[in-house]
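Read the structure below first, then the notes.
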Amino acid sequence: MNAHKDRATSRNTPVSVIGLGPMGQAIAHTLLTAGHPVTVWNRTASRADGVVNAGATHAKTPREAVEASELVLLSLTDYQAMYDILADATEALAGRTLVNLSSDTPDRTREAAAWATGHGAAFLTGGVMVPAPMIGTESAYVYYSGRDEVMKHHLPPLTRIGTPKYLGEDPGLAQLMYQAQLAVFLTTLSALMQATAMLGTAGMKAEEALPELLSTADSIGDMLRAGEERPGAALDAGEHPGHLSTVTMMGATSDHIVDTSTSLGLDLALPTAVRSHYRQAIENGHGSDNWTRIIDSIRKPR
């Protein structure tokens, strides 16, 4: 009986969602489908129409949305938007938990956690690592950080959104992981467009080029894992064995990419940035080390 009651309670936990862009709407729909009473608010009221038609309650004000649920999810442009929206609702924050899924810097995230605590609220940082259409699917996952007991208390509804990956008590850590993941993601997107533009100068359409380029992007993880039993262990140990690839070899390749892009009249921002990492490592006497040695100049730029 108790186990059944716990399941019913977790299923029916009220949740408020503030911010109804594509991500906020997807989260609200997912929670509604899972049986949670959902209250929503958005600055542009019409964006709530779809989720209200699906069963959500439309709060007239941010304060009303906060007061409706113990758990309040924020899906906004940045952390300043949280302050702007909740400026008239701070008295209602006591006893609530704010889960901010917005993007910003780790330092601003820590400041926001202190702000929430100062108003009597618990705070969790969240970083959603899938696009809106994947929310609630088996592929969805979200990084969280903040107080462990707060995370455990709200685990059932948070799990509805995607598999939670808890990183620890520091509220800035989930934000840092989110930004690190985006650094990989956005750089890869730019690289794909750079490569597509290169091939386009020879008349190859994107429809032909992208399948070939994406196969390379898909295989990079396997390539990097193939040389190490525990990826990253040598890097942590400060070891950069150059038996498979060297800074000099990769640096020469980066030179060729810059030369090719130059001859084709393309933008050089990305290829020259990559080349600069290898040139600095060579200047520092690490040409025979593995390409991972470029992390030195990233950690301590000139």
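Heavy-atom basis, side chains included; hydrogens, waters and symmetry copies ignored.
Evaluation of the salt bridge (Lys or Arg N to Asp or Glu O under 4.0 Å) test over residues 53-65, restricted to residues two or more places apart or in two chains, returns Arg63-Glu67, Arg63-Glu91. The stretch residues 104-117 participates, sequence neighbours left out, in these side-chain hydrogen bond (donor to acceptor under 3.5 Å, both in side chains) pairs: Asp104-Arg108, Asp107-Arg110, Thr109-Gln175, Arg110-Asp170, Trp115-His119.
Of the possible polar contacts, one joining the Thr248 side chain to the Gly287 backbone as a donor-acceptor pair under 3.5 Å is found. Proximity of a side-chain donor or acceptor of Arg275 to a complementary backbone N or O of Pro271 within less than 3.5 Å is not detected. Using a distance-only test at 3.5 Å, with no hydrogens or angles considered, a donor-acceptor pair links the side chain of Thr272 to the main chain of Ala269.
Summarising the geometry, atom CD belonging to Glu149 is positioned 10.5 Å from atom NE2 belonging to His154; distances are rounded to the nearest 0.5 Å. For the atom pair CG of Leu101 and CE of Met23, the computed distance is 8.5 Å after rounding to the nearest 0.5 Å. The distance from atom NE2 of His256 to atom OG1 of Thr253, rounded to the nearest 0.5 Å, is 6.5 Å.
Scored by the side chain to side chain contact (heavy atoms under 4.5 Å, CB included) test, Ser145 finds Thr125, Leu173, Ala174 as partners (sequence neighbours excluded). By the side chain to side chain contact (heavy atoms under 4.5 Å, CB included) test, Thr77 pairs with no residue at all, sequence neighbours left out.
Here Leu213 is tied into one hydrophobic group with Leu192, Met193, Leu199, Met204, Leu210, Leu214, each link being a pair of ILVMFWY side chains closer than 4.5 Å. Its side chain within the 4.5 Å cluster rule, Leu264 clusters with Met198, Leu266 among the Ile, Leu, Val, Met, Phe, Trp and Tyr residues.
With Ile18 as reference, Leu86 is the one residue of Val40, Leu86, Leu73 to meet the side chain to side chain contact (heavy atoms under 4.5 Å, CB included) rule. Each of Asp296, Thr246, Thr292, Asn290 was scored for a side-chain hydrogen bond (donor to acceptor under 3.5 Å, both in side chains) with His240, with one residue passing: Thr292.
No donor-acceptor contact under 3.5 angstrom links the side chains of Asp78 and Ser103, judged on distance only.
In the hydrophobic clustering of this structure, Leu32 groups with Leu20; members are Ile, Leu, Val, Met, Phe, Trp, Tyr whose side-chain heavy atoms approach within less than 4.5 Å, directly or through other members.
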